[in-house]
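Everything on this sheet refers to the single structure shown next.
We count ligands from 1, going down the list as the structure has it; atoms in each ligand are counted the same way. In this chain, numbering begins with 1 at the start of the sequence shown. These figures come from a predicted structure and were not determined experimentally.
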Amino acid sequence: MKKILITGVTGQDGSFMADFLLGNTEHTIIAGVRRLSVKNHGNIQHLLDNPRFRLIDFDVSDQANVEQVISEENPDYFINFAANSFVGNSWTQPVSHMTTNCLAVLYQLEAIRKYSPDCRYYNAGSSEEFGDVLHSPQSELHPLRPRSPYGVSKASARHMVKVWRDSYQLFAIQGWLFNHEGTRRGEEFVTRKITKNVARIKNEYVLNNFKPLELGNVDAKRDWSDAEDFVEGVWLMLNQEEPKEYVLSSNETHSIREFIEEAFNFAGFAVEKCEWVGKGVDEKYIHEGKVLVQINPDFYRPAEVDLLWGDSSEARRDLGWKPKSSFLDLVKKMVDHDLAYG
Ligand code: G4F
């Protein structure tokens, strides 16, 4: 029985990872949570009474705290999902992104090197590191060309993880995770924003009194998967003989526009009865004369990643991993959940 320290456990990925490990292994979870005056335990409420799940106060951006936790707990694995993960916010809070996504990783690597050198370490990497892509699809060989302060923070952390791995022979890796979504996804991310608003509009439509969903660039394309499939991939990556980093992706790309169409379709607004009219900021998605979606340029980003499209063939070959859910499975699951629970 091993000890696994997970940070970011109240978020989507951390909570799904805890569920996966408690359900599929005998190991114990130490769940590092930053103390907040109002608790945000919604995603882990069902785990709080599990004897193999223990919460500890943990602030990844406090070096003294990181050193104390690693030296006292001596974990066998450290899975770092704590991050500032909303790209759109990273232009207004670039320092906080560098601190949490990069400097904190340095604290963790140093603490592992000093106190727990056999600990296997995973840091959450991102397809945003590829950024302004040169070719598609993107595999592990694609150069890092970030387009946002968020992308820079993750790319910098990647270099540090490699340097610490090579210099001190640590099992330290940072996989490239393409977009991954689900019913625990934060509402600021575009997929959940869409499915929550589809559910709202569905309920308000009959009253003929609803506000359209407002979005930014609907032509950007992303490679979306189900986050529950990805946590299994991360665990496989952590349990190879040698430390190697992999891309996890669906190997398909879809536009935000397609996500919108499919989400409304699953809620009963058939694609055949809807149409896009207008151009640019005046574009609207209309169903029987009523505006479901309109563009709000406030949601445009200072620099956009227009296209992400992963190539996870190495992970599929070496780890025997592949996503179980398709793009349409994912959209349906999120819409059904938000229609049922609001
Ligand atoms: O859902 P998003 O905010 O995700 P984004 O920026 O792709 O980042 C996510 O995936 C990364 C992996 O590639 C992670 F590393 C990162 O932490 C995060 O999980 O935006 C997706 C796209 C963008 O092109 C954005 O411009 O949707 C576009 N978009 C259009 N309207 C919008 C909106 N995004 C948001 N959040 N809100 C909108 O209203």
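From the protein, the heavy atom lying nearest to atom 23 (C) of ligand 1 is R222 NH2, 3.4 Å. Taking atom 28 (C) of ligand 1 as the reference point, the nearest protein heavy-atom neighbour is N217 O, 3.9 Å. With hydrogens left out, the protein atom closest to atom 13 (O) of ligand 1 is S127 OG, 2.4 Å, a heavy atom. From the protein, the heavy atom lying nearest to atom 27 (O) of ligand 1 is I256 CD1, 3.3 Å. Annotation: atom 21 (C) of ligand 1 to nearest protein heavy atom, V190 CG1, 3.8 Å. Nearest protein neighbour of atom 17 (O) of ligand 1, counting heavy atoms only, is S85 O, 2.6 Å. Scanning the protein heavy atoms around atom 8 (O) of ligand 1, the nearest turns out to be V87 CG2, 3.5 Å.
Between W176 and F130, the ring planes are parallel. Angles under 30° get that label, and only those over 60° would be called perpendicular.
For F299, every heavy-atom contact with ligand 1 shorter than 4.0 Å involves the side chain, none the backbone. The side chain of K193, and not its backbone, has at least one atom closer than 4.0 Å to an atom of ligand 1 (non-hydrogen atoms only; side chain from C-beta on). Contacts between Y300 and ligand 1, counted as non-hydrogen atom pairs separated by less than 4.0 Å, are absent for every part of the residue.
Inclusion of G216 in the set of residues having an N or O under 3.5 Å from an N or O of ligand 1 is warranted. No N or O atom of T191 sits closer than 3.5 Å to an N or O atom of ligand 1.
Every atom of ligand 1 with a heavy atom of S126 under 4.0 Å away is listed here by number and element: 11 (C), 12 (C), 13 (O), 14 (C), 15 (F). Contact atoms of ligand 1 toward E304: 23 (C), 24 (O), 25 (C), 26 (O) (distance under 4.0 Å to a heavy atom of the residue). Within the listing of ligand 1, atoms 35 (C), 36 (N), 37 (N) sit less than 4.0 angstrom from a heavy atom of E188. Close approach to L177 involves these atoms of ligand 1, each under 4.0 Å from a residue heavy atom: 12 (C). Heavy-atom proximity to A220, at under 4.0 Å, picks out these atoms of ligand 1: 24 (O).
Cation-pi check for K290 over F269 is not met; the charged atom does not lie both under 6.0 angstrom from the ring centroid and within 45 degrees of its normal.
Ligand 1 has at least one atom lying under 4.0 Å from a heavy atom of F86.
Side-chain N or O atoms of E275 include none that pairs as donor or acceptor with a backbone N or O of I286 at under 3.5 Å. Between the Q174 side chain and the M160 main chain, no donor and acceptor come within less than 3.5 Å of each other. At distances below 3.5 Å, not a single donor-acceptor pair connects side-chain atoms of H135 with backbone N or O atoms of V133.
Counted within 6.0 Å of CZ on R35, heavy atoms from surrounding residues, nucleotides or ligands total 12 or fewer; the atom is thus considered open.
In the candidate list H180, R147, R185, R192, R185 is nearest to atom 19 (O) of ligand 1, counting heavy atoms. The closest heavy-atom contact to atom 4 (O) of ligand 1, among the options N179, D223, D298, comes from N179.
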### Query
Going through the checks in order, is the side chain to side chain donor-acceptor pair (under 3.5 Å) test met by Q108 and N80?
CA-CA 9 Å; Q108 293 162 24; N80 183 39; 3.2 Å; yes
### Query
Which is it for E261 and W276 under the side-chain contact (heavy atoms from CB on, under 4.5 Å) test, yes or no, and what are the steps along the way?
CA-CA 10 Å; E261 290 168 3; W276 290 96; 2.7 Å; yes
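Using a 4.0 Å cut-off between charged nitrogen and carboxylate oxygen, D338 and R192 count as a salt-bridge pair.
Looking at S15 and R184, their side chains do bring a donor and an acceptor atom within 3.5 Å of each other. Using modelled atom types and a 3.5 Å distance limit, the side chains of D19 and H46 yield a donor-acceptor pair.
No option in N296, L292, V198, I201 other than I201 meets the side-chain contact (heavy atoms from CB on, under 4.5 Å) test with L213.
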